[in-house]
Q: 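Shown below is the structure under consideration.
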Amino acid sequence: MTSKSSWSSRTFAHFRRGGKLEPFRLLKQDAHNLRRRWVSDWTVFNQLVIASAVYVFFTNILPGITFASDLYVLTGKSWGTIEVVFSTGLCGVIFAVFSAQPLTILGVTGPFSVLAENLYELCNDSFKVPFLPVMAWSLIHSAWMHYLLAIFNAHDWTMQYVTDFSADIFSLLNSIIYFHKAAMELKRTHEQMPLDSFLYAMIGAIGTCLVAILLSTATKWKPLFGRVIRMGLSEYAAAISIILFIGIPYIGDLANLDHGRLAVQTSFRPTNPERDLFLVRFWELPVECVFIAIIPGAIITILFYFDHEISSIICTVERYGVKKPGGYAWDIALLGTTTALCGILGIPPANGLLPQAPLHSESLRHWVQAEQVASGAEESARAVGVVPRVYEQRYSHFAQAAMILVFVSPPFQQVLGLTPTSVLAGLFMFMGYQSLSVNPMLARFFHLLTPPSELPNLPLGVSWGGVHAYTVTQILVTVAIFVVTLTVAAPGFPLLIIILVPIRLCAMNRIWKRETLRFVDGWACREGKPEDDRSVGGDDRVDADGRRDLEHGEERGKTR
């Protein structure tokens, strides 16, 4: 009886003031932070902000066009270019104005497109129900689930347990999905076009990717050109490559080839010819389907929550020198609102983008002179140093989203219609390359191929055998999850990524040495390692009165 009473006391303690599950605790804190920063966010405007807006515009709309091409084919024309552009621009404008962390860039992601494509197959082939009403209800269900996550402070009791093990696998999965979509785009070209057109499509795709990669290294071309030109070539590498290979098919005999191009609208209306308005008649769906839609709604919630939180964390890490307070719970609630809105409008929902969000912060980074205090055992010494800072403002996010929104108009839609699908395949390759190049797993994979005599020294207690086994495990797990995305179980793949969290914390420490795990892994959202002497989640101790132990503090993001 005593143990049952003790369990009840500990459970209810979490809901009391200061507890992890105290309703609206983080939302109140985030609302206060938003009021503190909102006005000042509109007082910063300069040349770097303008350049950042242009840069993010290209890196956001071009991948969006690529996903539109894929979704157009694999969702039975339910979604096309105009839907993806409309969603990216609309959600971007809303977040630029109302979010607690305006550095986080939104767009339609690769994992969601995989999920949507498989949900369409289930609706069309298995259940024989219309796709858009089912998707609308799925997104509406996802909205209230987002609200619950925000109300009950999900960030404090979920993301703090995620380690780089899961985050790196998720990043590698994104890379594989990008490369796979490029291959599928070229496969469709091979099936629909004559041989000469297909051969040029291969050249166009590979050329788009290689030219973008080459230009992205322009900052290292010194002494060629000037510093400004090198930076411009590097920052606009993808855009330059896209424009170049859009224009080449109009030159000479290439103009006579059959080039598959992006399908666009000639008016502001949905892609599906059976729809006249951006409004889904979701209320006409049978009741049983409304309840069944809770399942894909929960999967979308898990995917969006994980993706958006990681995107927000990565774009505000220590190397960017972010100073203003953010708000994870507020942004998750706002994401729920935009998700439901997209479902009702019949457009794909947007959420935080892993490649674009840190690129946004990177494009706004500058260096300033600052006083740094170095504390010694007996005295404090002041030294002047150069530290990184980011222009924390809303103009760059708002401007890039507004420019994207302009492309829903018919004249600008026609401009998008000039894009060959081969160029989009090349952009997928480039996106896969970008995502892969910053993944820590890449360096450890190269170590697998390095002779033992050439490998660097490791800390005491760490062996290359353990590191290699850890890396191979990550790769095999990623491949297994990707294989699942190719089956009827594809909509459930985000659940597999979440399951990796308890596996990492509860099982892997029984297989790998403590020193090895400390070397290769760490918390994804906060400082420290799971193998530190403190217990997992030890910074969230709650006393008998439900109050947080202030000695350990409350960490709401990881800095590096």
Q: Looking just at side-chain N and O atoms, do Thr104 and Ser311 make a donor-acceptor pair shorter than 3.5 Å?
A: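 Looking only at side-chain atoms, Ser311 and Thr104 do not form any donor-acceptor pair under 3.5 Å.
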Q: Checking Thr217 side chain against Lys220 main chain: does a donor-acceptor pair fall under 3.5 Å?
A: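 No: the side chain of Thr217 does not pair with the backbone of Lys220.
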Q: Nearest 0.5 Å, please: how far is CZ in Arg37 from NZ in Lys323?
A: 13.5 Å
Q: State whether the side chain of Asp331 and the backbone N or O of Ala100 hold a donor-acceptor pair below 3.5 Å, judged by distance alone.
A: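 Yes.
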Q: Under 3.5 Å, side chain of Ser87 to main-chain N/O of Pro348, donor-acceptor pair present?
A: yes
Q: Counting N and O atoms only, with roles assigned by atom type, does the side chain of His155 sit under 3.5 Å from a partner on the main chain of Tyr328, one being a donor and the other an acceptor?
A: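 No.
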Q: Under a 4.5 Å cut-off applied to non-hydrogen side-chain atoms, are Thr163 and Val501 in contact?
A: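 No; the side chains remain at least 4.5 Å from each other.
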Q: How long is the gap from CD1 on Ile243 to CD1 on Ile248, to the nearest 0.5 Å?
A: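 Interatomic distance, Ile243 CD1 to Ile248 CD1, rounded to 0.5 Å: 12.5 Å.
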Q: For Thr338 and Leu335, indicate whether the former's side chain and the latter's backbone hold a donor-acceptor pair under 3.5 Å.
A: yes
Q: Donor-acceptor pair, distance only, cut-off 3.5 Å: does the side chain of Glu83 make one with the backbone of Gly80?
A: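 Looks like yes, one N/O pair under 3.5 Å.
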Q: Looking at every non-hydrogen atom in both residues, tell me the closest pair between Trp330 and Asp30 and how far apart they are.
A: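 So the minimum-distance heavy-atom pair works out to N-OD2, 3.0 Å.
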Q: Are the side chains of Val56 and Ser396 in touch, meaning some heavy atoms are under 4.5 Å apart?
A: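 No, side chains not in contact.
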Q: At their closest point, which heavy atom of Gly352 faces which heavy atom of Thr109, and how far apart are they?
A: O-CG2, 4.0 Å
Q: Give, for atom OG1 of Thr208 and atom CD1 of Ile203, the distance between the pair rounded to the nearest 0.5 Å.
A: 11.0 Å
Q: Inspect the surroundings of CG in Leu460 and state if more than 12 heavy atoms from other residues, nucleotides or ligands are less than 6.0 Å away.
A: no
Q: Is any side-chain heavy atom of Val97 closer than 4.5 Å to one of Arg394?
A: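 In short, these two side chains do not touch, never coming nearer than 4.5 Å.
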Q: Determine the minimum heavy-atom distance between Leu90 and Leu405, stating which atoms define it.
A: N-CD1, 3.6 Å
Q: Begin from the C-alpha positions of Val211 and Phe245 and carry the test side-chain contact (heavy atoms from CB on, under 4.5 Å) through to its verdict.
A: CA-CA 10 Å; Val211 170; Phe245 281 91; 3.7 Å; yes
Q: Before we go on, tell me: are the rings of Tyr433 and Tyr178 under 6.0 Å apart, centre to centre?
A: no
Q: Is the Tyr395 ring parallel, tilted or perpendicular to the Phe45 ring (thresholds 30°, 60°)?
A: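 Rings of Tyr395 and Phe45: perpendicular, as their planes differ by over 60°.
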Q: Distance check, rounded to the nearest 0.5 Å: Ile475 atom CD1 versus Asp168 atom CG?
A: 11.5 Å
Q: Indicate yes or no: at least one non-hydrogen side-chain atom of Leu106 is less than 4.5 angstrom from one of Ile94.
A: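 A side-chain contact under 4.5 Å is absent here.
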Q: Counting only heavy atoms not in Trp42, do more than 12 sit closer than 6.0 Å to its CH2 atom?
A: yes
Q: What is the minimum heavy-atom distance between Ala402 and Val93, and which atoms define it?
A: N-CG2, 4.0 Å
Q: If you round to the nearest 0.5 Å, how far is CE of Met429 from CD1 of Ile206?
A: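 Here the rounded value is 5.5 Å.
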Q: Could you tell me the separation between the CG atom of Leu214 and the OG atom of Ser241, rounded to the nearest 0.5 Å?
A: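 Answer rounded to 0.5 Å: 9.5 Å.
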Q: Verify, without hydrogens or angle tests, whether Lys324 (side chain) and Glu392 (backbone) share a donor-acceptor contact under 3.5 angstrom.
A: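 Yes, the answer is positive, given that a donor and an acceptor are paired below the 3.5 Å cut-off.
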Q: Looking only at heavy atoms, what is the nearest atom pair of Thr43 and Val39, with distance?
A: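 For Thr43 versus Val39, the nearest heavy atoms are CG2-O, 3.5 Å.
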Q: Does the side chain of Thr88 come within less than 4.5 Å of Ile61's, by heavy atoms?
A: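 No, their side chains stay 4.5 Å or more apart.
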Q: Report yes if the side chains of Pro249 and Tyr200 come closer than 4.5 Å at any heavy-atom pair, otherwise no.
A: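 Answer yes - side chains close enough.
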Q: Under 3.5 Å, side chain of Arg518 to main-chain N/O of Lys529, donor-acceptor pair present?
A: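 No.
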Q: Assign the ring pair His308 / Phe95 to parallel, tilted or perpendicular, where the plane angle (0 to 90°) is split at 30° and 60°.
A: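 Ring orientation of His308 relative to Phe95: tilted.
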Q: Please give me the minimum heavy-atom distance between Trp464 and His447, naming the atom from each residue.
A: CH2-ND1, 3.4 Å
Q: Count the heavy atoms of every other residue, nucleotide or ligand shown that sit under 6.0 Å from CZ of Phe98, and state whether that count exceeds 12.
A: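 12 or below, so no.
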Q: Hey, are the side chains of His360 and Ser52 touching, using non-hydrogen atoms and a 4.5 Å cut-off?
A: yes
Q: Kindly determine whether Gln400 and Ile105 satisfy side-chain contact (heavy atoms from CB on, under 4.5 Å), including the steps that lead there.
A: CA-CA 10 Å; Gln400 67 88 24; Ile105 299 297; 4.0 Å; yes
Q: Would the distance check show the side chain of Asp521 and the main-chain N or O of Asp164 forming a donor-acceptor pair, the cut-off being under 3.5 Å?
A: yes
Q: So with a 6.0 Å cut-off around CZ of Phe482, is the heavy-atom count from everything else above 12?
A: yes
Q: Who passes side-chain hydrogen bond (donor to acceptor under 3.5 Å, both in side chains) against Ser113, sequence neighbours left out?
A: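 Expected list: Lys181.
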Q: Please determine whether side-chain contact (heavy atoms from CB on, under 4.5 Å) holds for the pair Leu517 and Tyr470, giving the CA-CA distance in whole Å, both sets of side-chain angles, and the decisive distance to 0.1 Å.
A: CA-CA 9 Å; Leu517 292 176; Tyr470 179 89; 4.1 Å; yes
Q: Applying salt bridge (charged side-chain N to carboxylate O under 4.0 Å, His left out), name anything that partners Lys187, two or more places apart in sequence or on another chain.
A: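 Expected list: Glu191.
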Q: Working note: Phe412 + Val85, criterion side-chain contact (heavy atoms from CB on, under 4.5 Å); need CA distance, chi angles, decisive distance, verdict.
A: CA-CA 11 Å; Phe412 287 94; Val85 173; over 6 Å; no
Q: Is Glu185 close to Val73 at the side-chain level, that is, under 4.5 Å between some pair of heavy atoms?
A: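 The answer is no; the side chains never approach within 4.5 Å.
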Q: Where the side chain of Trp512 meets the backbone of Val467, is there a donor-acceptor pair that is under 3.5 Å apart?
A: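 The answer is no, because no donor-acceptor pair under 3.5 Å joins these two groups.
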